[in-house]
*Asks:* 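Here it is, the structure, as structure tokens.
Quick caveat: nothing in here was measured; it's all calculated off a predicted structure.
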Amino acid sequence: MRPHLALIEDEPDFALMCRSYLEHEGFTVTWAMDARAGKSVLHESRIDLAVLDLGLPDGSGLELLRALRSTSRLPVIVVTGRGAEADRVAGLEIGADDYLVKPFSQRELVARIRAVLRRSQPPETPAVIQVGSLRIDTAARQASAEGVLLVLRPKEYALLEMLGEAPGRVFSTEQVLEQIWGASWQQPATVIEHVYRLRGKLAALPVPAPRITTVRGYGYRLDP
């Protein structure tokens, strides 16, 4: 099926140009000229990704994004003609997946859309991940070893599953923040704290492995 995009943009010439190019590239595009129409499109249509201009005639695109993020994780690329870093940062902090500053090429827009869609559709995770003696049940969101259940907070479990899907692979702090918290702008201390707690819980298990190894200057890996 063709991915369905919501294009929320108040400049008719620019919007028509974008819609024509996107449709040529294999997307279905529904265009909304303001925040009110955009809200209707997002609520009433099955949308795969929204391209949202921050400068709308009937309100801030940031407010629309904030309202959307209270109920949905729909991928959003924010577009702005403002060069101020604060505008871009505000959009990312609220939950935008990417941003573009006008003017930009249509090819770049398509590339960003496809990249965000790929990130929003991660590969399927096996029902059970086995790392040494550790058994991670992704359906029950539980982990155990030798019959001993790990008591994990939601983010601790998510971190363990991420590391367990690729034992021996090093994940950077930025990758962990992006995948677990959905935003790489969070403080690295967030990851350090969760790794510390998870490492302690793994060490308390009645088995010698797996263990989380810190790769200095880069990130973390789970060693079987």
Side-chain angles (χ1 to χ4, degrees), residues 1-125 158 162 174-186:
M1 293 180 62
R2 293 162 64 96
H4 190 178
L5 310 179
L7 175 61
I8 306 172
E9 166 64 55
D10 67 321
E11 297 181 30
D13 291 343
F14 182 76
L16 290 171
M17 179 178 64
C18 287
R19 184 171 68 177
S20 176
Y21 192 89
L22 290 169
E23 288 176 343
H24 180 266
E25 290 295 314
F27 299 98
T28 297
V29 181
T30 298
W31 173 35
M33 290 188 64
D34 53 35
R36 182 177 180 180
K39 186 179 297 184
S40 176
V41 168
L42 294 174
H43 288 168
E44 297 174 9
S45 303
R46 186 189 178 282
I47 300 297
D48 297 300
L49 180 144
V51 179
L52 172 63
D53 194 335
L54 295 185
L56 297 173
D58 60 342
S60 168
L62 290 175
E63 293 304 318
L64 179 55
L65 176 59
R66 184 176 286 108
L68 177 65
R69 277 292 169 263
S70 67
T71 59
S72 172
R73 281 300 308 165
L74 177 76
V76 176
I77 297 177
V78 296
V79 174
T80 177
R82 313 165 192 167
E85 181 181 5
D87 292 323
R88 303 195 297 273
V89 170
L92 293 172
E93 287 182 342
I94 293 172
D97 297 272
D98 202 350
Y99 70 87
L100 281 167
V101 177
K102 296 178 182 176
F104 52 81
S105 73
Q106 299 299 307
R107 289 181 62 188
E108 182 178 9
L109 174 60
V110 169
R112 297 290 188 99
I113 289 172
R114 286 176 174 159
V116 171
L117 287 174
R118 283 195 301 270
R119 293 201 302 267
S120 67
Q121 298 170 347
E124 291 186 9
T125 301
M162 177 183 181
E174 291 75 18
Q175 288 173 317
V176 174
L177 286 169
E178 182 67 35
Q179 182 162 328
I180 305 302
W181 280 268
S184 59
W185 48 264
Q186 285 268 10

*Asks:* Distance check, rounded to the nearest 0.5 Å: L5 atom CG versus E25 atom CD?
*Replies:*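 Going from CG on L5 over to CD on E25, the span is 11.5 Å.
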*Asks:* Can you name the closest pair of heavy atoms from L56 and G61 and give their distance?
*Replies:*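 Answer, listing the atom of L56 first, then G61: CD1-CA, 4.1 Å.
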*Asks:* Where do A32 and V41 come nearest, in terms of heavy atoms and distance?
*Replies:*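 Looking at all heavy atoms of both residues, the closest pair is CB-CG2, 4.2 Å.
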*Asks:* Enter the distance from E178:CD to M162:CE here, rounded to the nearest 0.5 Å.
*Replies:*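 If we round to the nearest 0.5 Å, E178:CD and M162:CE are 9.5 Å apart.
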*Asks:* Could you state the interatomic distance from CZ (R66) to OG (S60), rounded to the nearest 0.5 Å?
*Replies:*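 Between R66 CZ and S60 OG, I get 7.5 Å after rounding to 0.5 Å.
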*Asks:* Taking it one step at a time, do F14 and F104 satisfy ring pair (Phe, Tyr, Trp, His ring centres under 6.0 Å)?
*Replies:* CA-CA 11 Å; F14 182 76; F104 52 81; 5.6 Å; yes
*Asks:* Check A96 against L92 and note the closest heavy-atom contact, atom names and distance.
*Replies:*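 Looking at all heavy atoms of both residues, the closest pair is O-CD2, 3.6 Å.
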*Asks:* Within the structure provided, determine whether D53 and D10 are in side-chain contact (heavy-atom separation under 4.5 Å).
*Replies:*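 Yes, close enough: below the 4.5 Å cut-off.
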*Asks:* State the OG-CG distance between S120 and L49, to the nearest 0.5 angstrom.
*Replies:*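 Those atoms lie 7.5 Å apart.
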*Asks:* Assess the side chains of H4 and T30: does a donor N or O sit below 3.5 Å from an acceptor N or O?
*Replies:*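 Yes, because at least one side-chain N or O of H4 sits under 3.5 Å from a partner of the opposite role on T30.
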*Asks:* Got a donor-acceptor contact below 3.5 angstrom from the E9 side chain to the E11 backbone?
*Replies:*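 Confirmed, E9 side chain pairs with E11 backbone.
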*Asks:* Answer yes or no: does atom CZ of F27 have more than 12 heavy-atom neighbours from other residues, nucleotides or ligands under 6.0 Å?
*Replies:*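 Yes, because the 6.0 Å sphere around CZ of F27 holds more than 12 heavy atoms from other groups.
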*Asks:* Do L65 and V76 come within less than 4.5 Å of each other through their side chains, counting heavy atoms only?
*Replies:*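 Yes - at least one pair of side-chain heavy atoms lies under 4.5 Å apart.
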*Asks:* Would you say that L22 contacts I113 through its side chain, given a criterion of any heavy-atom pair below 4.5 Å between the two side chains?
*Replies:*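 Yes. Closest side-chain heavy atoms under 4.5 Å.
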*Asks:* Grab the two heavy atoms, one from I47 and one from A6, that are nearest each other, plus how far apart they are.
*Replies:*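 Residues I47 and A6, closest heavy atoms: CG2-N, 3.8 Å.
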*Asks:* Under 3.5 Å, side chain of S72 to main-chain N/O of L74, donor-acceptor pair present?
*Replies:*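 Looks like yes, one N/O pair under 3.5 Å.
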*Asks:* Is there a side-chain contact between V79 and K102 in this structure, where contact means two heavy atoms from C-beta onward sitting under 4.5 Å apart?
*Replies:*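 They are in contact (side-chain heavy atoms under 4.5 Å apart), so the answer is yes.
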*Asks:* Starting from the C-alpha separation in whole Å, work towards a yes-or-no answer on side-chain contact (heavy atoms from CB on, under 4.5 Å) for T28 and E23.
*Replies:* CA-CA 6 Å; T28 297; E23 288 176 343; 6.0 Å; no
*Asks:* State, to 0.1 Å, how close R36 and D58 come at their nearest heavy-atom pair, and which atoms those are.
*Replies:*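 Taking every non-hydrogen atom into account, N-OD2, 3.0 Å.
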*Asks:* Can a donor-acceptor pair be found, under 3.5 Å and without considering hydrogens, that links the side chain of R112 to the backbone of Y99?
*Replies:*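 Indeed, once roles are kept as given, a pair shorter than 3.5 Å links the two residues.
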*Asks:* Is D97 salt-bridged to R69, going by a charged N under 4.0 Å from an acidic O?
*Replies:*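 Looking at R69 together with D97, the answer is yes, because their closest N to O distance falls below 4.0 Å.
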*Asks:* For the pair L52 and I77, evaluate side-chain contact (heavy atoms from CB on, under 4.5 Å) and give the outcome as yes or no after the intermediate values.
*Replies:* CA-CA 6 Å; L52 172 63; I77 297 177; over 6 Å; no
*Asks:* Just so I know, are the side chains of P12 and W31 near enough to count as touching, which here means a heavy-atom distance under 4.5 Å?
*Replies:*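 Yes; the side chains approach each other to less than 4.5 Å.
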*Asks:* Let's go through I8 and V51 carefully: what are the C-alpha distance in whole Å and the side-chain angles of both, what is the deciding distance for side-chain contact (heavy atoms from CB on, under 4.5 Å) to 0.1 Å, and is it a yes or a no?
*Replies:* CA-CA 6 Å; I8 306 172; V51 179; over 6 Å; no
*Asks:* So which atom in L117 and which in P3 form the shortest heavy-atom distance, rounded to 0.1 Å?
*Replies:*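 The answer is CD1-CB, 4.1 Å.
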*Asks:* If you round to the nearest 0.5 Å, how far is CE of M17 from CG of L109?
*Replies:*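 The CE atom of M17 is 9.5 Å from CG of L109, to the nearest 0.5 Å.
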*Asks:* Using a 6.0 Å cut-off, check whether atom CZ of R2 has over 12 heavy atoms from anything other than its own residue.
*Replies:*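 Yes.
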*Asks:* Would you confirm whether S45, through its side chain, and L42, through its main-chain N or O, come within 3.5 Å as a donor-acceptor pair?
*Replies:*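 No.
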